[in-house]
**Q** 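Input: one structure, supplied below.
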Amino acid sequence: MLNAVVLIALTMLSVALLLNAWRLFRGPDATDRILALDTLYINAAAVIVLYGIHTGRSDFFEAALLIALLGFVSTMALAKFLLRGDIIE
Amino acid sequence: MTVRSNWLPHPLLSLALLGLWLLLNNSAAPGHLVLGTLLGLLIPVFSRRFWPEATPLVRPGLAFRFALQVVWDIIVANFAVARIVLGPAEAVRPAFVRVPLDVQGDFALTALLSVISLTPGTVSAQIDEERRFLLVHALSSLDSATLAQQIKTRYEAPIKEIFAC
Amino acid sequence: MMLHLVNLLTAILLLLGAGFALVGSIGLARLPDIFTRLHGPTKASTLGVGAILLASILFFSAREGLTLHEFLVSLFLFLSAPVSAHLIARAAIHRRCKSICGAPEDP
């Protein structure tokens with residue numbers, strides 16, 4: 001039962017990832033693309049956690065943590081760049 | 001400078017670091033406890049100059065109750081946002097709302113802005129240089145004055161009390 | 001019996017979490033301007049991933065003994081999401097992005 005649920009959840013997240021990718025390509029502004037990328041990162045972390053449940057291995061958690069960290073830092077850097085035209089003042 | 005502020009400048013940060021270490025290793029074995037405590041004690045001492053003025057947590061009990069309330073609000077907010085997102089496009093009536101600020105201090109402001117962004121259809125968008133007004137974007141605001149009042153009584157007042165500022 | 005209950009709870013949390021993540025992404029794709037789009041991901045996706053991580057905690061705790069490290073990811077997401085949203089909103093105001101409720105007056 002649980003395996004089927006995991007597959008359903010994975011499908012839903014795949015649709016979410018496609019929607020994010022669509023927004024990433026569509027734009028129209030750079031801020032929209034940053035937001036799309038940020039959401040893409042968060043959803044990718046969720047997919048990895050789900051895959052961990054699917055395979056029954058708990059060490060995928062570290063990958064999810066790394067993706068979440070990288071997503072936050074890159075969003076920060078990109079938004080700061082738009083705000084100041086510069087990342088490190 | 002007392003001995004305590006020299007060697008234990010941020011007790012809460014030390015506790016948080018210990019918790020972080022135990023969670024990262026996913027174990028509370030004695031070895032990890034010792035190492036985590038050591039890191040929790042050393043990192044704040046060596047990175048002291050990096051940290052802004054510590055904000056004292058005056059009412060830990062209230063902070064706990066406030067955190068529970070915020071978690072509940074986040075869950076409720078999500079159902080509300082889901083309804084708006086999936087509903088007809090006319091349901092989206094966004095507006096910018098100006099909220100006057102009473103809270104001061106970096107930490108308290110960060111807490112307030114984060115809570116606003118995570119709860120009912122509002123995202124904190126901008127804050128002015130003098131920190132007197134906060135610009136909030138609401139997803140479907142019925143009345144901006146009521147919304148501002150709601151934010152002030154529901155979130156700002158408890159935060160003000162928790163950090164005593 | 002116990003495991004069945006945990007499995008049921010895990011399944012509910014997984015569906016709820018994936019549902020919220022999907023709603024957040026639909027909001028991102030569907031809503032009309034950058035400021036309204038911000039609402040979907042910051043709230044729905046964060047809670048969605050939080051629910052999925054809670055499901056993962058339940059799942060592995062029931063099988064391999066108490067496991068809490070997924071909590072770290074949720075905590076980090078809940079702390080970082082509002083900061084990202086705030087910065088993106090500021091960047092959008094700075095770039096004078098189109099907003100369907102008129103331009104915000106300078107605060």
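Letters go in sequence order (proteins before strands), and every chain restarts at 1.
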**Q** Would you mind checking which part of L65(A) comes under 4.5 Å of any heavy atom in chain C, side chain (CB onward), backbone (N, CA, C, O), both or neither?
**A**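 It is both, since atoms from each part get that close.
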**Q** If you tally heavy-atom pairs under 4.5 Å against chain C, which of R26(A), E62(A), R57(A) wins?
**A**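 Winner by heavy-atom pair count: R57(A).
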**Q** Quick one: side chains of residues 7-24 of chain C, donor-acceptor pairs under 3.5 Å with protein atoms, not counting sequence neighbours, listed by atom name and distance.
**A**
unit_1: N7(C); atom_1: OD1; unit_2: R63(C); atom_2: NH2; d: 3.0
unit_1: T10(C); atom_1: OG1; unit_2: V6(C); atom_2: O; d: 2.6

**Q** With sequence neighbours left out, what residues match S61(C) under side-chain contact (heavy atoms from CB on, under 4.5 Å)?
**A**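 Counting only residues at least two positions away or on another chain, S61(C) forms a side-chain contact (heavy atoms from CB on, under 4.5 Å) with I57(C), L66(C), T67(C).
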**Q** Rounded to the nearest 0.5 Å, what's the gap from OG1 on T42(C) to CG on L35(A)? Could you check?
**A**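 These two atoms lie 8.0 Å from each other.
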**Q** When rounded to the nearest 0.5 angstrom, what distance separates CZ in R23(A) from CG in L31(C)?
**A**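 The CG atom of L31(C) is 8.5 Å from CZ of R23(A), to the nearest 0.5 Å.
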**Q** Taking side chain as everything from C-beta outward and backbone as N, CA, C, O, which of these in R33(A) sits under 4.5 Å from a heavy atom of chain C? Side chain, backbone, both or neither.
**A**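 Neither part.
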**Q** Can you label the angle between the F61(A) ring and the H69(C) ring as parallel, tilted or perpendicular, going by 30° and 60°?
**A**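 It falls in the parallel class, under 30°.
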**Q** Pick whichever of R37(C), R30(C), E70(C) has the most heavy-atom pairs under 4.5 Å with chain A.
**A**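 Among R37(C), R30(C), E70(C), the one with the most close pairs to chain A is R37(C).
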**Q** Rounded to the nearest 0.5 Å, what separation is found between the CG atom of L50(A) and the OG atom of S56(C)?
**A**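 Here the interatomic distance stands at 8.5 Å.
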**Q** Please give me the minimum heavy-atom distance between F60(C) and G52(A), naming the atom from each residue.
**A**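 Shortest heavy-atom contact: CZ-O, 3.6 Å.
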**Q** Just wondering, more than 12 heavy atoms not from F71(C) lying within 6.0 Å of its CZ?
**A**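 12 or below, so no.
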**Q** Let me know if L87(C) has heavy atoms under 4.5 Å from chain A in its side chain, its backbone, both or neither.
**A**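 Contact with chain A: backbone and side chain both.
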**Q** Of the listed residues (A64(A), A79(A), P28(A)), which shares the most heavy-atom pairs with chain C below a 4.5 Å separation?
**A**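 Looking at each of A64(A), A79(A), P28(A) in turn, A79(A) comes out on top.
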**Q** Under a 4.5 Å cutoff for heavy-atom pairs, which residue among G40(C), S84(C), A81(C) has the most contacts with chain A?
**A**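 If we count pairs closer than 4.5 Å to chain A, S84(C) comes out on top.
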**Q** Tell me, side chain or backbone of L69(A) under 4.5 Å from chain C's heavy atoms, or both, or neither?
**A**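 It is both, since atoms from each part get that close.
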**Q** I need the residue from I42(A), I8(A), D38(A), L13(A) with the largest number of non-hydrogen atom pairs under 4.5 Å to chain C.
**A**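 The option with the most such pairs is I42(A).
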**Q** State the CD1-CD1 distance between I48(A) and I52(C), to the nearest 0.5 angstrom.
**A**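 Going from the CD1 atom of I48(A) to the CD1 atom of I52(C) covers 12.0 Å.
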**Q** Rounded to the nearest 0.5 Å, how far does CD1 of I88(C) lie from CG of L82(A)?
**A**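 The CG atom of L82(A) sits 9.5 Å away from the CD1 atom of I88(C).
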**Q** Answer yes or no: is there a side-chain heavy-atom contact under 4.5 Å between L77(C) and F72(A)?
**A**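 They are not in side-chain contact.
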**Q** In terms of heavy-atom pairs under 4.5 Å with chain A, which of L28(C), I26(C), L38(C) leads?
**A**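 Counting heavy-atom pairs under 4.5 Å, the top option is L28(C).
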**Q** At a 4.5 Å cut-off on heavy atoms, which part of A4(A) comes close to chain C: side chain, backbone, both, or neither?
**A**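 For A4(A), neither part sits under 4.5 Å from chain C.
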**Q** Could you pull out the closest heavy-atom pair between A92(C) and T31(A), with the gap in Å?
**A**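 Minimum heavy-atom contact is N-CG2, 3.7 Å.
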**Q** Please state whether the side chain, the backbone, both or neither of A45(A) comes within less than 4.5 Å of a heavy atom of chain C.
**A**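 Neither; nothing under 4.5 Å.
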**Q** If you look at every heavy atom in A68(A) and F76(C), which pair is closest and at what distance?
**A**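 Taking every non-hydrogen atom into account, O-CE2, 3.4 Å.
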**Q** If you tally heavy-atom pairs under 4.5 Å against chain C, which of I67(A), I53(A), V5(A), V49(A) wins?
**A**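 Option with the top pair count is I53(A).
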